[in-house]
Amino acid sequence: MKLSCSVIELRFLWSRKCRPSFPGSKMAAVDCDMPMEPEPQIMSEEEMEREAEGFKEQGNAFYIKKDYSEAYNYYTKAIDTCPKNASYYGNRAATLMMLSRYREALEDSQQAVRLDECFMKGHLREGKCHLSLGNSRAASRCFQKVLELEPDNSQAQQEDKNAEAVQDFEKMAEFCFEKRDFRRVVYCMDRALEFAPACHRFKILKAECLALLGRYPEAQSVASDILRMDSTNGDALYVRGLCLYYEDCIDKAVQFFVQALRMAPDHEKARLACRNAKALKAKKEEGNKAFKEGNYDEAYKLYSEALTIDPNNIKTNAKLYCNRGTVGSKLKKLEQAIEDCTSAIKLDETYIKAYMRRAQCYMDTEQYEEAVRDYEKVYQTEKTKEHKHLLKTAQLELKKSKRKDYYKVLGVGKNATDDEIKKAYRKRALMHHPDRHSAATPEVQKEEEKKFKEVGEAFTVLSDPKKKSRYDSGHDLEDDGMNAGDFDANNIFKAFFGGPGGFSFETNSSSGPGNFFFQFG
């Protein structure tokens, strides 16, 4: 048997499930159970159009059911069968728009109007795609074309107004960005995105402004959505880096800026942000090093220089202000330190360290009400034993500050010794004794008498160990049955100077009025 057979014979054998035998083969009998492939049939143009229409009708049915994926498949079959029919591209464009695949929809719409310049729905859909992608001027041209074909088309009229509104929001956003009114920019972009939901440019601008406003999670979310669709988007990588940079994660931020520059080498914002991030980190670290080494003047200078690098970096600048405030307190520039801590708190209202530093400066400058207010804020946020103790200490000092400050009356420090207190009393008592001011006006005499009594009262308390202890611990001495009326300044004076006749004030007439010398017995 010869090993040659015609195609027709083979088809016949396959169709009859024959068992052909091949000489010399171990498989002498093999079931030939293979299905016969149909011969390709050449369809007429009319038949192809009919089949394409059938695919289109099926696509329409799925579109009505909102099964846009299946509708897309059938419209694609219709296009493959009849690629010169504008309506098929138009229908598939409509389906792609429903799937939010606007760039593909734009290509189909453009192909539709290339095939049929008078295809009104094609021009309308092209305009909508342009608008959805944020190309408002191109969209407006498409809507104008529709109105040329059909002047009363209300949909085209409305869409053209929407395109104009987007242009207006763009212009306003650009103006507000230059004025650093970032909240207004976010508002404009939100309004524009209602008409242009697929515009990455609008989303990026919104995300950048959210980052500049300190709304980092929102900014990150917008940028991440874009990167899920396009992992090479340089703008989105820049915004991710910007958020990290503003959250003081500088090393990670630099990585994103570098990646953004790889994707878009001419990205100026990413280049500037990368440079600022590196400079800010270096200057801050230099300041920290100088502070640890006790070189406070140099640290103050370095922190000040760091603060000029990027005024938009709120979190890092808050830390820099607080650091400079700490240096200021070391340099005894307490008022400047308070100002720096206040600047830090303005930038970051949750910055506990700045409240703590400012409160301590308030204590050091005896501004106890302000200190209490800051420690209350700290304790409300973090209820620790340390914070509770600091608050109680400030409250006690505030209470003490509202009484007479006997140390101030005598002109001594709170750690004055008994001898220092005695010397201070001697000096002040002689200075304010009424006899010394007998030639003065009644007003001066009255004022000096008051001061003389206060000096005696202060000495009585501070020279008595028990009273001094209770006074220092914040107790109100009036609660112990003691009040200013119980003090006889003259008796205290006489007792201190050794009783009656111990000394007298005499006027030195040659020296003029108001000059006295003391006569001791």
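Since this is a predicted model, take the numbers as computed values, not measurements.
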Side-chain donor-acceptor pairs under 3.5 Å in residues 342-352, sequence neighbours left out?
residue : atom : partner : partner atom : Å
T342    : OG1  : I338    : O            : 2.8
T342    : OG1  : R358    : NH1          : 3.1
S343    : OG   : E339    : O            : 3.1
D348    : OD1  : T350    : N            : 3.1
D348    : OD1  : T350    : OG1          : 2.6

- [ ] Keeping the roles fixed (side chain from Q445, backbone from A440), state whether a donor-acceptor pair exists under 3.5 Å.
- [x] yes

- [ ] Identify the heavy atoms of A359 and Y375 that sit nearest to each other, and give their distance.
- [x] CB-CZ, 3.5 Å

Open item on the list: Once you measure the plane-to-plane angle for Y407 and Y471, does it fall in the parallel (<30°), tilted (30-60°) or perpendicular (>60°) bin?
Closed with: tilted

Open item on the list: Ignoring hydrogens, what is the shortest heavy-atom contact between V185 and F177? Give both atom names and the distance.
Closed with: CG2-N, 3.5 Å

TODO: Using atom types as modelled and distance alone, determine if a side-chain donor or acceptor of T381 lies under 3.5 Å from a backbone N or O of K377.
DONE: yes

TODO: Return the minimal non-hydrogen interatomic distance between L212 and I314, and the atom names on each side.
DONE: O-CD1, 4.1 Å

TODO: Sequence neighbours left out, what passes side-chain contact (heavy atoms from CB on, under 4.5 Å) with K423? Give chain and number order.
DONE: none

Open item on the list: Using the ring centroid of each side chain, check whether H433 and F452 are separated by less than 6.0 Å.
Closed with: yes

Under 3.5 Å, which donor-acceptor pairs link side chains of residues 164-176 to any protein atom two or more places apart or in another chain?
residue : atom : partner : partner atom : Å
E170    : OE1  : R201    : NH1          : 2.8
E170    : OE2  : S136    : OG           : 3.4

Task: Closest approach of Y296 to V327 (non-hydrogen atoms, all atoms of both residues) - done: O-CG1, 3.2 Å

Task: Residues in side-chain hydrogen bond (donor to acceptor under 3.5 Å, both in side chains) contact with K315, at least two apart in sequence or another chain - done: none

Open item on the list: So does T384 get a backbone contact from the side chain of H389, meaning a donor-acceptor N/O pair under 3.5 Å?
Closed with: no

Open item on the list: Checking E268 now: which residues fulfil salt bridge (Lys or Arg N to Asp or Glu O under 4.0 Å) with it, not counting sequence neighbours?
Closed with: R271

Open item on the list: salt bridge (charged side-chain N to carboxylate O under 4.0 Å, His left out) for K422 and D418? Distances and angles first, verdict last.
Closed with: CA-CA 6 Å; K422 287 176 182 177; D418 289 344; over 6 Å; no

Open item on the list: Looking at C322, is its backbone amide N or carbonyl O close enough to the side chain of T326 to form a donor-acceptor pair, meaning the two atoms are under 3.5 Å apart?
Closed with: yes

Open item on the list: A quick test of your reading: do over 12 heavy atoms of other residues, nucleotides or ligands sit less than 6.0 Å from NZ of K289?
Closed with: no

Task: By side-chain hydrogen bond (donor to acceptor under 3.5 Å, both in side chains) - contacts of N135 (at least two apart) - done: none

Open item on the list: Please give me the minimum heavy-atom distance between L320 and A306, naming the atom from each residue.
Closed with: CD1-CB, 3.7 Å

- [ ] Kindly say whether G411 contributes a backbone atom to a donor-acceptor pair with the side chain of K427 at under 3.5 angstrom?
- [x] no

Side-chain atoms of residues 230-238: list all donor-acceptor pairs with protein atoms under 3.5 Å, sequence neighbours left out, distances to 0.1 Å.
residue : atom : partner : partner atom : Å
D230    : OD1  : T232    : N            : 3.2
D230    : OD1  : T232    : OG1          : 2.8
N233    : OD1  : D235    : N            : 3.0
N233    : OD1  : A236    : N            : 2.9
D235    : OD1  : H267    : NE2          : 2.7
Y238    : OH   : E208    : OE2          : 3.2

Task: Exam field: side chain D340 to backbone G328, donor-acceptor pair closer than 3.5 Å - done: no

- [ ] Tell me whether the guanidinium CZ or amine NZ of K333 lies under 6.0 angstrom from the six-membered ring centre of Y300 and within 45° of its axis.
- [x] yes

Task: Any residue meeting salt bridge (Lys or Arg N to Asp or Glu O under 4.0 Å) with E70, in chain and number order, not counting sequence neighbours - done: none

Task: From E447, K451, E448, residue fulfilling side chain to side chain donor-acceptor pair (under 3.5 Å) relative to H432 - done: E448

TODO: Evaluate whether atom NZ of K400 has more than 12 neighbouring non-hydrogen atoms of other residues, nucleotides or ligands under 6.0 angstrom away.
DONE: yes

Open item on the list: When you measure from the side chain of T365 to the backbone of Y362, do you find a donor-acceptor pair of N or O atoms at a distance under 3.5 Å?
Closed with: yes

TODO: Kindly write out the residues that satisfy side-chain hydrogen bond (donor to acceptor under 3.5 Å, both in side chains) with K206, not counting sequence neighbours, or none if the list is empty.
DONE: D190

Open item on the list: Tell me every residue that passes side-chain hydrogen bond (donor to acceptor under 3.5 Å, both in side chains) with K319, counting only those two or more places apart in sequence or in another chain.
Closed with: D248

Residues 214-222, side-chain donor-acceptor partners within the protein, below 3.5 Å, at least two apart:
residue : atom : partner : partner atom : Å
R215    : NE   : E218    : OE2          : 2.9
R215    : NH2  : E218    : OE1          : 2.9
Y216    : OH   : Y246    : O            : 3.3
Q220    : OE1  : R240    : NE           : 2.6

Task: Considering all heavy atoms, the nearest C199-L193 contact - done: O-CD2, 3.9 Å

Task: H200 side chain vs I226 backbone, donor-acceptor pair below 3.5 Å - done: no

Using atom types as modelled, flag every donor-acceptor pair under 3.5 Å from a side chain in residues 273-285 to any protein atom, sequence neighbours excluded.
residue : atom : partner : partner atom : Å
K281    : NZ   : D251    : OD1          : 2.7
K281    : NZ   : D251    : OD2          : 3.4
K283    : NZ   : E305    : OE1          : 3.0

